[in-house]
2 protein chains.
Amino acid sequence: MSTHKLRTVSVVEAVAEQLSEDIFNGIYRPGDVLTETQLSERFDVPRQTIRSAIVMLLHDGILRRERNKSVYVPLFSEDDIRDLFAVRRLVEMETARILCSRGILPEGAENAVRSMERLSDENSCDELLKYDYQFHQALIEATGSTRLQKFYRSISSEMRLALTYFRSGDFSPSQMAREHREFLDAIRSGDSSAAVKACQIHIEESETFVNQTIHAQRERMNPGRMAASMPDEADL
Amino acid sequence: MSTHKLRTVSVVEAVAEQLSEDIFNGIYRPGDVLTETQLSERFDVPRQTIRSAIVMLLHDGILRRERNKSVYVPLFSEDDIRDLFAVRRLVEMETARILCSRGILPEGAENAVRSMERLSDENSCDELLKYDYQFHQALIEATGSTRLQKFYRSISSEMRLALTYFRSGDFSPSQMAREHREFLDAIRSGDSSAAVKACQIHIEESETFVNQTIHAQRERMNPGRMAASMPDEADL
DNA sequence: ATGGTCATACTGTTATACAATAAAACCAAG
DNA sequence: CTTGGTTTTATTGTATAACAGTATGACCAT
């Protein structure tokens with residue numbers, strides 16, 4: 001008998017999953033307020049179930065609330081983005097270091113890069129992001145550190161939400177594939193400092209890309225003015 | 001009018017707090033199983049409230065469960081301890097780097113060290129640990145990184161639980177104070193790499209101390225045998 | 001305008017019940 | 001005595017309903 005741990009999803013998990021999908025897909029947008037009764041009716045589950053699901057998303061950082069207030073979809077400030085990328089860089093650089101020093105080259109990451117390389121430049125952005133997630137996920141898991149994984153999970157949701165709103169459609173699959181391939185090669189090389197450096201570069205490229213998008217959006221909405229404090233959290 | 005954000009505690013928070021205190025104080029010991037009805041009766045609050053409180057402690061890592069099973073107090077394996085210290089080192093070294101580069105010297109940390117220095121060597125271990133926590137907490141908070149703080153919070157509970165079971169009583173307040181003082185001085189110096197190094201040393205000293213305690217305990221229970229896989233999770 | 005009261009909608013909490021699951025006890029053959 | 005299946009029981013997961021506490025905005029009086 002092969003002990004294949006099979007997965008079941010509880011009701012709250014299902015609700016939480018659907019809800020986060022809705023948030024990532026823009027059904028609910030930053031600033032939107034979600035009341036428990038409303039959600040309870042929508043999913044036709046008791047309010048307590050909704051509450052449990054909400055708690056999960058609160059931990060994932062894709063919902064927020066203050067006491068006795070309804071939850072809302074967060075709008076990330078520039079500080080949030082900075083913070084997010086800073087800790088992500090920290091975690092991923094450590095991951096690179098660990099994998100390198102142990103000579104681990106996770107299969108899942110290799111597969112993810114291959115999938116990227118197969119994508120033509122006209123493919124959907126969503127699919128590309130999926131492989132990107134798969135890539136980094138595989139690296140983290142390969143470290144075997146439960147705490148690192150837990151932490152990464154808690155920021156990756158925020159990361160995804162941030163990307164949802166701060167990305168222009170013009171991702172280039174070929175460039176993306178190349179970057180990840182280089183990163184993976186650096187790990188394979190066994191040169192720890194080179195791998196860490198490659199990781200740092202990879203993440204910083206991703207960050208500048210997001211920043212460019214942010215400024216472009218800002219420019220579109222506020223032509224003329226530079227570096228004003230615009231979307232931030234003026235409307236919460 | 002000074003906007004002093006005042007704190008209220010909800011029922012579930014109160015339960016969660018009491019419960020974690022009980023765990024830290026050894027009322028509930030590693031391996032102990034807690035059923036919801038039992039807790040519900042004990043605190044005289046409905047089961048739903050207990051469930052919510054449990055979720056909080058699950059996230060803090062001081063309770064665990066599998067689906068449809070009762071929660072239990074985790075017993076940390078050697079791998080857990082290793083992992084815990086590894087990520088803690090990662091976070092605290094990054095903290096040191098940040099504070100140093102920004103020239104921040106948190107007041108709370110200074111106060112905590114002073115408190116340690118006031119303790120005579122006969123003082124209670126609990127109090128010492130409290131200041132230790134206060135010290136590191138102050139450092140993390142001063143970084144201003146919400147994510148780093150969240151991460152630290154999620155491991156500090158586990159850390160405390162681990163210390164609860166893997167510490168001999170012979171902490172030396174004077175040594176403890178000295179170590180922290182050195183660490184703080186390193187940050188004050190502004191030399192980033194020196195501060196990071198000091199941090200690393202401080203944490204590794206703490207880790208070796210715990211490891212010694214573990215081995216001592218093991219030796220007591222298993223005289224003769226070396227490095228056997230003993231307490232680990234044989235009894236869950 | 002200012003300040004106070006009230007109405008309303010929502011969250012936080014409690015109570016109760018039932019369905020689904022897991023573990024133990026039990027029983028029945030082989 | 002062991003294997004395999006059945007029943008029992010304790011416990012979690014889910015559902016329904018109600019009420020109390022809080023935040024918010026409308027309304028009113030000054």
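Order of the sequence lines sets the chain letters (A, B, ...), proteins ahead of strands, with each chain counted from 1.
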- Can you check salt bridge (Lys or Arg N to Asp or Glu O under 4.0 Å) on R29(B) and D32(B), steps first, answer last? CA-CA 6 Å; R29(B) 298 182 59 82; D32(B) 281 0; over 6 Å; no
Please determine whether a side-chain nitrogen of the Lys or Arg among [X] and [Y] lies less than 4.0 Å from a carboxylate oxygen of the Asp or Glu.
X       : Y       : result
D22(B)  : R42(B)  : yes
R147(B) : E158(A) : yes
R67(B)  : E13(A)  : yes

- Any donor-acceptor N or O pair under 3.5 Å, side chains S154(B), D60(B): no
- DNA chain D contacts made by residues 54-61 of chain B, counting heavy atoms under 4.0 Å: none
- Y72(A) six-ring centre to R65(A) NZ/CZ under 6.0 Å and within 45° of normal: no
- Item | Protein-nucleotide distance (L39(B), atom CG; dA10(D), atom C1'), rounded to Å | 15 Å
- In sequence, state the C-alpha distance, the side-chain angles, and the governing distance for R160(B) and E21(B), and then conclude on salt bridge (Lys or Arg N to Asp or Glu O under 4.0 Å). CA-CA 11 Å; R160(B) 186 171 165 196; E21(B) 280 309 313; 3.7 Å; yes
- Task: Identify the heavy atoms of A109(A) and F135(A) that sit nearest to each other, and give their distance.
- Result: O-CD1, 3.6 Å
- Task: Going 5' to 3' through nucleotides 8-21 of chain C, assign each nucleotide B (protein heavy atom under 4.0 Å from a base atom), S (under 4.0 Å only from sugar-phosphate atoms) or - (no protein heavy atom that close).
- Result: --SBBBB--B---S
